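Let me begin by presenting the structure, written as structure tokens, before commenting on it.
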Amino acid sequence: MSADRVLFDAPGPVGRRRIRIATAATVLVIAAVIALAVKQFGDNGQLAAERWTPFGQLSYLRFLWDGLKGTLLAAGVAALISFPAGAVFGLMRISVRRPVRWLAGVYVELFRAVPLLLLIYAFLLGLPRLGVNLPIFWKLVVPIVLVNTAVLAELVRAGIGAVDRGQFEAGEAVGLRRGQVLRLVVLPQALRLIVPTLVTQLTTLLKDTTLGYVVSYPELMKQGNNLTVYTHLLIQTYLIVAVVYVVINLLLSQLAHALDRRLARRRVVDAGGAAGGGGAPHVAHETEPAGDRIAPMGQLF
Amino acid sequence: MDVVTGHVGYILGGFLVTVELTLLGYVGALLLGTVLAVFRVGPITPLRIVGAAYVEFFRNIPLLTFLILFVFGLPDVGLTFSLFLSSAVCLAMTGAAYVCESVRSGINAVPVGQAEAARAIGLSFSKVLRLVVLPQAFRTMVPPLVNVFIGMALGSSIAAAVGVAELTNRTQQLNLEYAQAVVTFLVAGAFYVAMAFLGAGGGRWLERRLGARR
């Protein structure tokens with residue numbers, strides 16, 4: 001947050017008054033927007049108690065809970081496959097053998113540039129025409145794995161790139177072979193660097209599973225959809241579904257932030273230790289969490 | 001292959017809709033996201049809170065969930081928009097959260113001394129931002145903003161799930177109608193890859209240009 005509060009002076013009397021006025025105006029505008037939204041909901045009968053109380057019933061909750069289990073299962077399986085696969089492709093991209101490097105490069109570049117939904121349609125509608133007909137679960141999970149493996153491969157590569165070159169050289173200097181340098185020296189440090197981003201990637205996986213809606217795999221979105229078919233409580237159901245996603249993802253990103261901060265602290269400690277040895281100390285400022293994190297590419301929603 | 005050659009207009013039309021969605025969503029996201037970023041670094045506390053809450057909400061809600069709420073939910077409270085407009089607005093609103101964070105971390109990457117020096121010569125908050133910090137922040141913002149563009153191009157495919165006749169949707173339609181339409185998936189994929197590569201190339205070009213002028 002370094003620059004967040006340096007763009008303006010500590011306000012004087014006039015400035016404080018202006019800020020107070022602007023603050024009051026903002027609060028009024030926000031209140032007006034909320035009031036307008038509530039009125040719009042109320043006028044259309046969406047706030048009526050009978051449209052919300054059903055969600056207190058166990059049967060409704062269990063229905064959505066089953067959906068959440070489906071979501072977590074799909075995201076979990078996708079994570080279990082794509083994380084190791086991503087590491088393998090990431091390592092292939094820095095291989096000394098050109099064909100290996102090239103192959104991984106083509107895979108990563110292509111699958112980061114293709115929309116997940118198109119891949120899912122290909123598995124859902126295209127491949128069965130060619131005789132490849134997977135169970136519904138895998139029609140959702142395989143495309144998610146294919147895309148996320150590519151994204152994770154880039155992450156792993158970026159993590160390895162962020163490890164100080166001296167670490168490679170030191171590893172070689174003590175007589176380790178390339179594979180050993182990677183396995184014993186570089187990878188452990190690289191993984192530590194990308195752990196926060198890996199946690200963030202879990203939120204992406206979770207969001208990706210919403211496309212189960214399209215393949216009719218009973219995850220949270222699809223279960224919500226099934227519920228609205230019977231109840232017609234559309235807004236209520238999807239608002240609850242949305243809150244569930246936001247809460248889970250918020251928890252995951254809080255975890256990522258916490259890991260980020262721990263990492264930043266550790267780096268400062270490391271740098272403090274190294275400074276005595278005459279090397280240039282790392283500047284603690286550079287480990288500003290949001291900016292310095294190794295970000296996944298090309299995959300937002 | 002004849003499915004593709006026989007439906008060139010249909011596929012290109014879908015691609016055009018995809019391009020329109022992407023550009024509308026991206027421009028909207030850039031505008032809204034920059035405003036949100038200014039909220040987040042400004043001195044007015046409620047606006048800082050609004051900016052932060054907006055970003056947290058839209059980075060954590062799946063696009064499909066928001067899109068379906070928007071498309072099928074809003075009519076229930078008396079607001080109806082076209083499918084295309086709804087999709088573009090949803091893309092812009094979601095993208096804005098990511099643009100906001102890119103702009104903000106770009107601002108954070110400018111050395112603190114720059115803002116302090118600008119303040120020392122008496123510039124106001126908006127002048128510090130407009131004349132000193134943002135021009136320098138822009139270059140570091142290019143890669144994440146290119147990222148948002150690529151995400152937007154790929155994310156626009158989600159509109160297919162609510163029935164917007166863009167590239168992914170039309171590909172799937174063709175595949176339903178014709179037995180040998182698997183190749184259409186490859187063609188559609190190629191269009192998306194081309195868009196992503198074009199975006200990435202444009203970003204590199206922009207970065208070089210901005211670098212040279214420094």
Side-chain angles (χ1 to χ4, degrees), chain A residues 1-9 11 15 19 22-23 26-27 30 40-41 43-44 46 109-110 112-118 121-122 125-127 129-130 203 206-208 210-211 213-214 221 225 228 234-235 238-239 241-242 245-246 248-250 253 288 290-291 295 297-301, chain B residues 40-47 50 56-57 60-66 68-69 72-73 76-79 94-95 98 101 104-105 107-110 112 115-116 119 125 128-129 133 144 147-148 150-151 154-155 157-158 160-161 168 171-172 175-176 179 181-182 185 188-189 192-193 196-197:
Chain A
M1 312 302 136
S2 53
D4 276 12
R5 290 211 176 257
V6 301
L7 297 176
F8 43 86
D9 287 304
I19 289 177
T23 303
T26 316
V27 170
I30 296 169
Q40 194 76 29
F41 269 65
D43 286 354
N44 288 280
Q46 295 296 337
E109 292 299 335
L110 282 186
R112 281 193 322 164
V114 168
L116 177 59
L117 185 57
L118 188 75
Y121 275 135
L125 308 164
L127 290 186
R129 292 265 161 89
L130 300 178
T203 70
L206 213 62
K207 289 194 241 173
D208 285 350
T210 55
L211 293 179
Y213 179 85
V214 174
M221 275 303 279
N225 177 249
T228 61
L234 207 138
I235 288 197
Y238 284 123
L239 274 180
V241 166
Y245 280 118
V246 171
I248 297 178
N249 284 338
L250 264 180
S253 40
E288 217 289 313
M297 294 284 292
Q299 196 194 27
L300 295 180
F301 309 126
Chain B
R40 288 201 74 173
V41 297
I44 297 162
T45 311
L47 287 182
V50 166
E56 286 306 334
F57 181 76
N60 286 316
I61 189 173
L63 178 60
L64 183 65
T65 310
F66 183 59
I68 282 182
L69 255 177
F72 300 124
D76 282 3
V77 291
L79 301 168
T94 310
Y98 293 90
E101 286 310 89
R104 203 170 67 100
S105 64
I107 290 174
N108 277 333
V110 175
V112 177
E116 284 170 349
R119 273 165 50 201
F125 169 67
V128 172
L129 210 53
V133 176
N147 220 3
V148 175
I150 296 172
L154 303 188
S157 69
I158 302 284
T168 298
T171 307
Q172 167 244 344
N175 196 72
L176 286 179
V182 177
F185 281 105
Y192 281 108
V193 170
F197 279 24

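Predicted model only: the values in this text are computed from it and were never measured. First the proteins, then the strands, lettered A, B, ... as listed; each starts at 1. Because only heavy atoms are used, hydrogens play no part in the values below, and waters and symmetry mates are left out as well, while side chains stay in.
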**Item:** Spatial distance of atom CZ (B/R40) from atom CD (B/E101) [nearest 0.5 Å]
**Value:** 4.5 Å
**Message:** Run the side-chain contact (heavy atoms from CB on, under 4.5 Å) test on A/N249 and A/L206 for me, step by step, so that the C-alpha distance in whole Å, both residues' side-chain angles and the decisive distance to 0.1 Å come before the verdict.
**Reply:** CA-CA 8 Å; A/N249 284 338; A/L206 213 62; 3.3 Å; yes
**Request:** Specify the closest pair of heavy atoms between B/V133 and B/V110, including all atoms of both residues, with the distance to one decimal.
**Result:** O-CG2, 3.7 Å
**Asked** Can we say B/R119 and B/E116 salt-bridge, meaning some charged N sits less than 4.0 Å from an Asp/Glu carboxylate O?
**Response** no
**Message:** Quick check: closest heavy atoms across B/Y192 and B/T168, and the distance to 0.1 Å?
**Reply:** OH-OG1, 2.7 Å
**Which portion of A/T26 sits near chain B, non-hydrogen atoms under 4.5 angstrom** = side chain
**Prompt:** Do you know which of A/L125, A/D43, A/V114 has the most heavy-atom pairs under 4.5 Å to chain B?
**Reply:** A/L125
**Prompt:** When heavy-atom pairs shorter than 4.5 Å are enumerated against chain B, which of A/Y121, A/F41, A/Y213 gives the highest number?
**Reply:** A/Y121
**Asked** Which atoms of B/T65 come close to chain A, meaning under 4.5 Å heavy atom to heavy atom: side chain ones, backbone ones, both, or neither?
**Response** both
**Item:** Proximal component of A/Q46, with respect to chain B [non-hydrogen, under 4.5 Å]
**Value:** side chain
**Message:** Using a 4.5 angstrom heavy-atom cutoff, name the option from B/A188, B/A160, B/G78 with the most pairs to chain A.
**Reply:** B/G78
**B/V77 versus A/N44, closest heavy-atom pair with distance** = O-ND2, 2.9 Å
**Prompt:** Of the backbone (N, CA, C, O) and the side chain (C-beta and beyond), which part of B/F66 lies under 4.5 Å from a heavy atom of chain A, both, or neither?
**Reply:** neither
**Asked** Just how far is it from atom NZ of A/K207 to atom CD1 of B/I61, taken to the nearest 0.5 Å?
**Response** 9.5 Å
**Fill in**
Interface check, chain A: of B/A196, B/S157, B/G189, most non-hydrogen pairs under 4.5 Å belong to B/S157
**Fill in**
If one checks every heavy atom of A/L239 against chain B at 4.5 Å, the contacting part turns out to be both
**Complete:** Highest number of heavy-atom pairs under 4.5 Å with chain B among A/V246, A/I248, A/L116 belongs to A/V246
**Asked** Given the options A/L130, A/T228, A/L127, A/V27, which has more heavy-atom pairs under 4.5 Å with chain B than any of the others?
**Response** A/L130
**Leading residue by heavy atom contact count with chain A [cutoff under 4.5 Å; candidates B/I44, B/L176, B/N175, B/L47]** = B/N175
**Request:** Can you measure from OG1 (B/T94) to CG (B/N60) and round to the nearest 0.5 angstrom?
**Result:** 11.5 Å
**Message:** Please report the interatomic distance OH(A/Y245) to CG(A/L250), rounded to the nearest 0.5 Å.
**Reply:** 15.0 Å
**Prompt:** Relative to chain B, which of A/I30, A/T210, A/L118, A/L234 shows the most heavy atom pairs under 4.5 Å?
**Reply:** A/L118
